[in-house]
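Chain letters run A, B, ... following the sequence lines, proteins first, then strands; residues in each count from 1. This is a predicted model, so every value here is computed, not measured.
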There are 2 protein chains.
Amino acid sequence: MGRAQQQTLTQGEHHPVPRPDQLLLPPSSLSPRSHSSFPPGEDRTAEPVHHQPTATRVAMAQPGRGRDPELFAELWRACAGPLVEVPQRGERVFYFLQGHLEQLQEPTDSALLAEQIKMFQVPYKILCKVVNVELKAEAETDEVYAQITLQPESDQDNLPLICDPILPETPRPVVHTFCKILTPSDTSTHGGFSVLRRHANECLPPLDMAMPTPTQEIISKDLHGSEWRFKHIYRGQPRRHLLTTGWSTFVTSKKLMAGDAFVYLRSETGEQRVGVRRLVQKQSTMPASVISSQSMHLGVLASASHARKTNSIFVVYYRPRLSQSQYIVSVNKYLQASKTGFTVGMRFRMNFEAEDVPVKK
Amino acid sequence: MGRAQQQTLTQGEHHPVPRPDQLLLPPSSLSPRSHSSFPPGEDRTAEPVHHQPTATRVAMAQPGRGRDPELFAELWRACAGPLVEVPQRGERVFYFLQGHLEQLQEPTDSALLAEQIKMFQVPYKILCKVVNVELKAEAETDEVYAQITLQPESDQDNLPLICDPILPETPRPVVHTFCKILTPSDTSTHGGFSVLRRHANECLPPLDMAMPTPTQEIISKDLHGSEWRFKHIYRGQPRRHLLTTGWSTFVTSKKLMAGDAFVYLRSETGEQRVGVRRLVQKQSTMPASVISSQSMHLGVLASASHARKTNSIFVVYYRPRLSQSQYIVSVNKYLQASKTGFTVGMRFRMNFEAEDVPVKK
DNA sequence: TTGTCGGCTTAGCGCCGACAA
DNA sequence: TTGTCGGCGCTAAGCCGACAA
């Protein structure tokens with residue numbers, strides 16, 4: 001055990017959506033070459049653009065009830081970061097009790113814990129089927145997490161030695177998204193948010209460059225469905241994209257600090273979403289006064305133990321931004337890792353970076 | 001069970017400190033009769049006043065390290081309200097499992113819970129000795145709570161039929177304290193806080209009434225040790241006491257609403273404390289993403305069960321402002337209640353009122 | 001006695017281009 | 001290309017007594 005290796009498990013992940021920074025742009029693309037009226041959009045080299053009349057787009061952007069679950073999932077992933085993986089529904093996974101306990105803060109006395117693990121007779125790892133996955137976000141902090149329902153397999157003695165069949169990937173919608181780490185100027189009360197030219201060109205709805213100072217209103221929603229409006233303006237000497245009116249309210253409400261990141265997303269149908277990815281975890285999301293850490297550990301233990309004995313479902317929360325230890329690992333990933341020589345039973349770690357950087361294919 | 005009766009258990013409680021509203025004041029006491037210089041203080045009819053030179057007082061107000069634990073406890077009690085009782089260290093109490101589970105929000109399926117109670121073989125109530133009590137406050141909300149360490153008694157079969165010996169009460173320091181429910185004007189950004197004349201006369205440090213508009217700076221700390229400064233001024237026509245500069249910062253930081261209450265306290269040595277008592281509980285102090293409510297319930301169950309079986313200590317959190325059910329009841333209170341005809345096993349309830357009202361002796 | 005309001009002053013929010021890294 | 005700053009207009013915070021409940 002001890003210090004785990006810095007290792008990612010994302011080799012197998014293929015983003016179906018080309019990310020902005022993977023696209024090649026001519027350096028001169030900033031000058032407004034197109035003087036046709038609305039919409040111009042010719043700057044968007046190599047982007048999958050499907051122009052639709054604006055009216056239709058807006059109509060589609062407001063589906064009848066509530067939020068679009070597909071787009072929600074995309075926003076969730078954008079806020080979680082490119083390295084975060086969530087097990088798929090129907091997949092088989094290993095549940096590591098110790099990793100789960102480590103996700104809880106304030107570890108209790110480890111000797112006592114060991115005694116209690118023995119008392120509950122919980123095996124080291126449990127083979128489970130993923131019954132359900134719900135992506136969620138903490139109301140107070142916007143921290144993303146997944147509520148995962150697991151069902152222990154009845155046969156825990158003959159663990160799988162070959163890979164499970166690969167489940168069909170659910171198709172993901174095409175989105176334009178960026179993520180920018182906030183500068184001190186971005187978060188100060190002195191001004192607005194400076195949109196990087198690349199991000200504006202590739203993700204924001206196109207402005208009417210025929211106007212002397214092009215402006216539009218960005219209407220977007222966050223993970224909770226709350227609406228946020230920003231004035232997007234292209235001004236200054238030299239010209240640059242800015243978010244002004246509405247931005248400071250966002251910063252204040254989300255309690256953003258320099259170093260945190262702003263996440264923006266636009267779907268093909270024109271729906272817009274915003275979110276945050278924090279540099280550091282806002283401390284003590286857990287108020288100390290609910291139950292003792294002792295009881296919390298025992299509760300996790302007892303839940304796993306009881307589910308294992310009765311083959312009944314149990315619910316866990318996976319918080320990818322909090323813990324660096326991934327305590328739910330798909331059978332296939334696990335076998336692959338074992339094969340390539342990792343210690344069986346290691347903790348799985350991943351790097352975090354706040355801003356999405358280009359990944360070489 | 002069902003709906004419990006509205007009943008308080010505070011008959012036995014005797015406040016060693018006379019509260020302001022228990023004191024008789026002549027209606028004319030507001031006019032500055034004393035024109036002697038500093039300090040005047042003659043308004044303080046019937047108060048235990050021990051004048052000391054100001055310099056000495058200030059020196060004593062800053063003890064070497066950290067906060068005065070006695071004064072902290074007084075502030076805690078003032079914020080908790082006059083009806084809140086906390087078990088005493090060394091005392092014997094009954095611990096009611098079901099009441100404890102009810103304090104947790106989001107109750108799980110009660111049938112499942114009953115099954116699990118059976119599984120853990122936890123008795124209905126557990127006779128315990130109070131090993132330790134720590135008064136605390138939630139960092140985010142200032143909600144007061146007590147961390148109570150309990151040790152089950154080895155003999156759980158022969159429950160006490162007569163009262164335990166009464167423990168000596170620890171002496172409590174003399175303090176001047178008030179608690180005022182905030183009006184819309186108090187919490188609006190338009191102005192400051194209006195100090196009721198009685199409260200100012202009886203609790204705030206005396207002003208120099210020889211000045212045309214008497215003013216002083218109130219320097220105080222909250223339950224976390226954070227310092228708060230307020231300008232206390234006596235002005236207007238007719239004259240009244242106000243807290244101005246510094247007040248709005250306090251309101252914003254503590255997220256106070258009209259209906260919440262402001263708590264102020266001053267010790268004999270001149271140390272000042274401030275706190276809040278909220279009208280309604282700030283919702284969802286517990287973020288949903290830590291452990292499942294299922295596991296939380298199981299954890300409480302397992303903790304109590306394990307402690308009971310091994311006669312080892314366990315820790316619980318008592319949140320007097322959250323739940324109306326008191327799940328830790330001293331043996332003596334319990335016997336007294338049984339004697340006077342209450343259903344054994346009832347839940348203990350109490351009234352809450354935000355502002356301290358005079359209690360007839 | 002004290003809650004609310006109109007009047008007034010002023011701090012700081014927030015929009016702008018300048019400038020330089 | 002974009003982060004930071006000085007300038008400045010303007011909103012809202014916040015202090016005051018008036019007035020009435």
> side chain to side chain contact (heavy atoms under 4.5 Å, CB included) between A/Arg278 and A/Leu256: does it pass, once the steps are laid out?
Replying inline: CA-CA 8 Å; A/Arg278 292 184 199 281; A/Leu256 295 178; 3.9 Å; yes

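- For B/His199 and C/dT1, the NE2 to P distance is 14 Å, given to the nearest whole Å.
- Among the nucleotides D/dT1, C/dT2, D/dG3, the one closest to any side-chain atom of A/Arg197 is D/dT1.
- No hydrogens or angles considered: nothing links the side chains of B/Glu202 and B/His176 as a donor-acceptor pair under 3.5 Å.
- One can place CG of B/Asp186 at 10 Å from C1' of C/dT2, the figure rounded to the nearest angstrom.
- OP1 or OP2 of D/dG3 lies within a sub-4.0 Å distance of a side-chain N or O belonging to A/Ser194.
- Counting only heavy atoms from C-beta on, B/Ser185 has its side chain closest to C/dT4 among C/dT4, C/dT2, D/dG3.
- Here B/Lys254 pairs with B/Asp142 in a salt bridge; the nearest charged N to carboxylate O distance falls below 4.0 Å.
- Screening B/Phe193, B/Trp228, B/Tyr264 against B/Phe250 for a ring-ring contact (aromatic ring centres under 6.0 Å, His included) leaves a single residue, B/Trp228.
- Summarising the geometry, atom CG belonging to A/Leu71 is positioned 11.0 Å from atom CD belonging to A/Glu268; distances are rounded to the nearest 0.5 Å.
- For D/dG3, the OP1/OP2 oxygens have a side-chain nitrogen or oxygen of A/Lys180 closer than 4.0 Å.
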>> How would you summarise protein contacts on nucleotides 14-21 of chain C per nucleotide, using B for base, S for sugar-phosphate only and - for none, with heavy-atom distances below 4.0 Å?
In response: BBBBSBB-

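- Residues forming a side chain to side chain contact (heavy atoms under 4.5 Å, CB included) with B/Ser248 (at least two apart in sequence, or on another chain): none.
- Classification of B/Glu271 and B/Arg266 as a salt-bridged pair fails, no side-chain N sitting under 4.0 Å from a carboxylate O.
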> Using Watson-Crick and G-U wobble pairs whose two distances are both under 3.5 Å, how do you write the pairing of DNA chain C as dot-bracket, with | for links to another strand?
Replying inline: |||||||||||||||||||||

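- Rounded to whole Å, the distance from CG on A/Asn201 to C1' on D/dT1 is 12 Å.
- The existence of a salt bridge linking A/Glu217 and A/Arg229 is confirmed by a sub-4.0 Å separation between a basic side-chain nitrogen and an acidic carboxylate oxygen.
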